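Since the model is a prediction, treat every value here as computed from it, not as a measurement. Note: hydrogens, waters and symmetry copies are ignored here, and every other heavy atom, side chains too, is used. The chains referred to below are lettered A, B, ... by the order of the sequence lines, with proteins before strands, and numbering in each begins at 1.
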Protein chains: 2
Amino acid sequence: MANVAFLGTGMMGSGMVEAMLRRGEAVAVWNRTESKARALEPLGAKVAASPADAVTAADRVHLMLPDDAVVDRILEQSLPRVRRDAVVIDHSTTSPRGTKARIERLQKSGVSFLHAPVFMSPQMTRDAVGLMMVSGPRQVYDAVGSVLEKMTGEVWYLGERGDLAAAYKLFGNSMLFVLTGGIADVFAMAKANGIEPADALTVFDKFPVGNFIKLRGEKMARRDFSATFELTMARKDTRLMLEAADGQPLTVLPGIAKRMDDAIASGHGKDDLGAIAAEVLR
Amino acid sequence: MANVAFLGTGMMGSGMVEAMLRRGEAVAVWNRTESKARALEPLGAKVAASPADAVTAADRVHLMLPDDAVVDRILEQSLPRVRRDAVVIDHSTTSPRGTKARIERLQKSGVSFLHAPVFMSPQMTRDAVGLMMVSGPRQVYDAVGSVLEKMTGEVWYLGERGDLAAAYKLFGNSMLFVLTGGIADVFAMAKANGIEPADALTVFDKFPVGNFIKLRGEKMARRDFSATFELTMARKDTRLMLEAADGQPLTVLPGIAKRMDDAIASGHGKDDLGAIAAEVLR
């Protein structure tokens, strides 16, 4: 059975460790705030005093850390003690550029390293259900792909280009934040009009707007700006939305109004709403 | 067979008229830009010289007009000639407050009036497939509900409260715009990182983020801000997104960063991302 080191046992990391322990793996854990690592002891994890101590015996080293700077620092502290035949897998959400540079640097140093961020909630990490995206050398991926699959059910290998998993993770999270901002603005309009937030949401039972990400997105990606929803009309509706919010704070609609104005000023008024992306699609 | 008047034959109105003509209804059409009405003549529509001329013989008067001001003006011009037993159905996207006042005013004047906006593309109006929401007096709805159903397949009667269909229409459209803005920002990040827009969209084949509208929305509506995605971590990811765009113009992410900062400043840093709506949920 594999010896695993897990560095960073916050909400996501600790769920992943729980699932590993349940699968019978031996896991040494380290976390900056030690209490979060200690919480995994009753489940069978061994708490290490430092990242270097955690990795010494490991076949696989997993990281789930806050950002690029922390990943680089913890790698610097632990790499001298990582076994030459071990694989290091970083699940952290990091920058595309920083990740690309890290993968290239570690590959040159002979470290077997993958960037493998996930789309999962803490509960999903415990249940080992979700999606993991992987960037890094093919031979490293081939060596651990089947093990990674046990963590999520689905693993999507994006190839050797180092920044793709990082970029795709940001794309997915950005849409999640955008939806959350959109819900906040629906609630703002609902409040101003005396409508309960739960009632406002019933619209999305009847109108499955999520389907439009693919439909509208693919049309936009083709630079097809022929109008199915004329931008000028969409701008008029946006005015109605801003007025309907009646001073309640808004998150995303004001930025949309501004981009619509910019696109109309650039001559896209009779084009489709999707022309708000014309500038970034040039 | 019913005599119908249709006022406003733009992209949406003309599609609805096409479907009515195909069903064998007699339709008198009027449009401010006459050529758009004339385009329906070969299909069997009768072009009227004015809104008043269009409505004279009609059992049902349909409107699909740009905004509240135009709806009020066209109603003023045509109502004196609308038959006492006719029903007037306005499909325009109008303001919740303006619509409520209009419904109450017309009800007092003895006009049978419904506000019935739709979620449909121009193609869907021609195919008579989509969703129509209806606000207005129950007895008026009962008289025409089955006829309206032929226009969309699905009709959702929201009751006598006059502003609900208008508000729900804005809620749905706002989320459509928000998704479009989110796609634009994904494309901005993709461009800055040398990723083709069509490739960037493949994330949403694997990560069906649209499902989160209901999941996250209902949690937020319950004012449940317990963290499944900690706001402080989401703010960190948003920083990575802004940096990843590398100066490409963004539509919605800067507004999201700002609202996250506000919510963190109000003490929501350890709460869920959904706490960006805490202020409008008070």
- Query: Can you tell which of A/G255, A/S121, A/G217, A/A277 has the highest number of heavy-atom pairs within less than 4.5 Å of chain B?
  - Reply: A/G217
- Query: Heavy-atom distance under 4.5 Å to chain A: side chain of B/A188, backbone, both or neither?
  - Reply: both
- Query: What is the minimum heavy-atom distance between B/G194 and A/R161, and which atoms define it?
  - Reply: O-NH1, 3.4 Å
- So, the part of B/D199 with a heavy atom under 4.5 Å from chain A: the answer is both
- Task: Among A/Q248, A/R222, A/M133, A/M220, single out the residue with the greatest number of heavy-atom pairs under 4.5 Å to chain B.
- Result: A/M220
- Item | Intermediate values then yes/no, side chain to side chain contact (heavy atoms under 4.5 Å, CB included), A/R216 and B/L176 | CA-CA 9 Å; A/R216 296 215 134 250; B/L176 186 64; 4.0 Å; yes
- Message: Salt bridge or not between A/D67 and B/R239? Use side-chain N to carboxylate O under 4.0 Å.
- Response: yes
- Query: Among A/A234, A/G10, A/G274, A/G210, who wins on heavy-atom pairs under 4.5 Å with chain B?
  - Reply: A/A234
- In terms of heavy-atom proximity below 4.5 Å to chain B, should A/P254 be classed as side chain, backbone, both, or neither? neither
- Message: Would you say NZ of A/K219 has more than 12 non-hydrogen atoms from neighbouring residues, nucleotides or ligands within 6.0 angstrom?
- Response: yes
- Query: When only pairs under 4.5 Å are counted, which of A/D163, A/D68, A/I195 shares the most heavy-atom pairs with chain B?
  - Reply: A/I195
- Note on the structure: Note: vs chain A, highest number of non-hydrogen pairs under 4.5 angstrom among B/M189, B/E154, B/K206, B/K169 is B/K206
- Query: Does the side chain of B/R259 reach to within under 4.5 Å of the side chain of A/V252, using non-hydrogen atoms?
  - Reply: no
- Item | Shortest non-hydrogen contact from B/M11 toward A/T228 | CE-CA, 4.2 Å
- B/N173 vs A/M241, side chain to side chain contact (heavy atoms under 4.5 Å, CB included): CA-CA, chis, key distance, verdict: CA-CA 9 Å; B/N173 273 11; A/M241 294 165 197; 3.6 Å; yes
- Message: Less than 4.5 Å to any heavy atom of chain A: does that hold for the side chain of B/L253, its backbone, both, or neither?
- Response: side chain
- Do any N or O atoms from the side chain of B/K214 and from the backbone of A/T202 form a donor-acceptor pair under 3.5 angstrom? no
- Identify which of A/S95, A/P208, A/A167, A/S174 forms the greatest number of heavy-atom pairs closer than 4.5 Å to chain B. A/S174
- Item | Closest approach of B/E279 to A/K191 (non-hydrogen atoms, all atoms of both residues) | O-NZ, 3.8 Å
- Residue pair A/T93 / B/M233, side-chain heavy-atom distance below 4.5 Å: no
- Would you name the heavy atoms of A/G172 and B/V209 that are closest together and state the gap between them? O-CG2, 4.4 Å
- B/R223, part contacting chain A, at a heavy-atom distance under 4.5 Å: side chain
- Query: Side chain, backbone, both or neither: which part of A/T94 has a heavy atom under 4.5 Å from chain B?
  - Reply: backbone
- Answer yes or no: is there a side-chain heavy-atom contact under 4.5 Å between A/L201 and B/F171? no
- Item | Part of B/L164 lying under 4.5 Å from any heavy atom of chain A | side chain
- Query: Is it the side chain or the backbone of B/A257 that comes within 4.5 Å of chain A heavy atoms, both, or neither?
  - Reply: neither
- Which bit of B/D246 is near chain A, if near means a heavy-atom gap under 4.5 Å: side chain, backbone, both or neither? side chain
- Give, for atom CE of A/M12 and atom CZ of B/F229, the distance between the pair rounded to the nearest 0.5 Å. 8.0 Å
- Note on the structure: Of all heavy-atom pairs linking B/A221 and A/P197, the shortest is CB-CB, 3.9 Å
- Quick check: are there more than 12 heavy atoms from other residues, nucleotides or ligands sitting under 6.0 Å from CZ of B/R32? no
- What part of B/Q123 lies closer than 4.5 angstrom to a heavy atom of chain A: side chain, backbone, both or neither? neither
- Could you tell me whether the side chain of B/V203 reaches within less than 4.5 Å of the side chain of A/M175, counting heavy atoms only? no
- Working to the nearest 0.5 Å, report the span between OH of B/Y168 and CG of A/N193. 11.0 Å
- Item | Residue among A/G98, A/G130, A/A200 with most heavy-atom pairs under 4.5 Å to chain B | A/A200
- Note on the structure: Under a 4.5 Å heavy-atom criterion, the part of residues 177-187 of chain A in contact with chain B comprises A/F177, A/V178, A/L179, A/T180, A/G181, A/G182, A/I183, A/A184, A/V186, A/F187
- Query: Measuring heavy-atom distances to chain A, does B/A190 have an atom under 4.5 Å in its side chain, in its backbone, in both, or in neither?
  - Reply: both
- Item | Proximity breakdown for B/M260 and chain A, heavy-atom pairs closer than 4.5 Å | side chain
- More than 12 non-hydrogen atoms from neighbouring residues, nucleotides or ligands closer than 6.0 Å to NZ on B/K236, yes or no? yes
- Query: Which atoms of B/L131 come close to chain A, meaning under 4.5 Å heavy atom to heavy atom: side chain ones, backbone ones, both, or neither?
  - Reply: side chain
- Message: Please find the pair of heavy atoms, one from A/A192 and one from B/R97, that lie closest to each other, and give the distance.
- Response: O-NH2, 3.2 Å
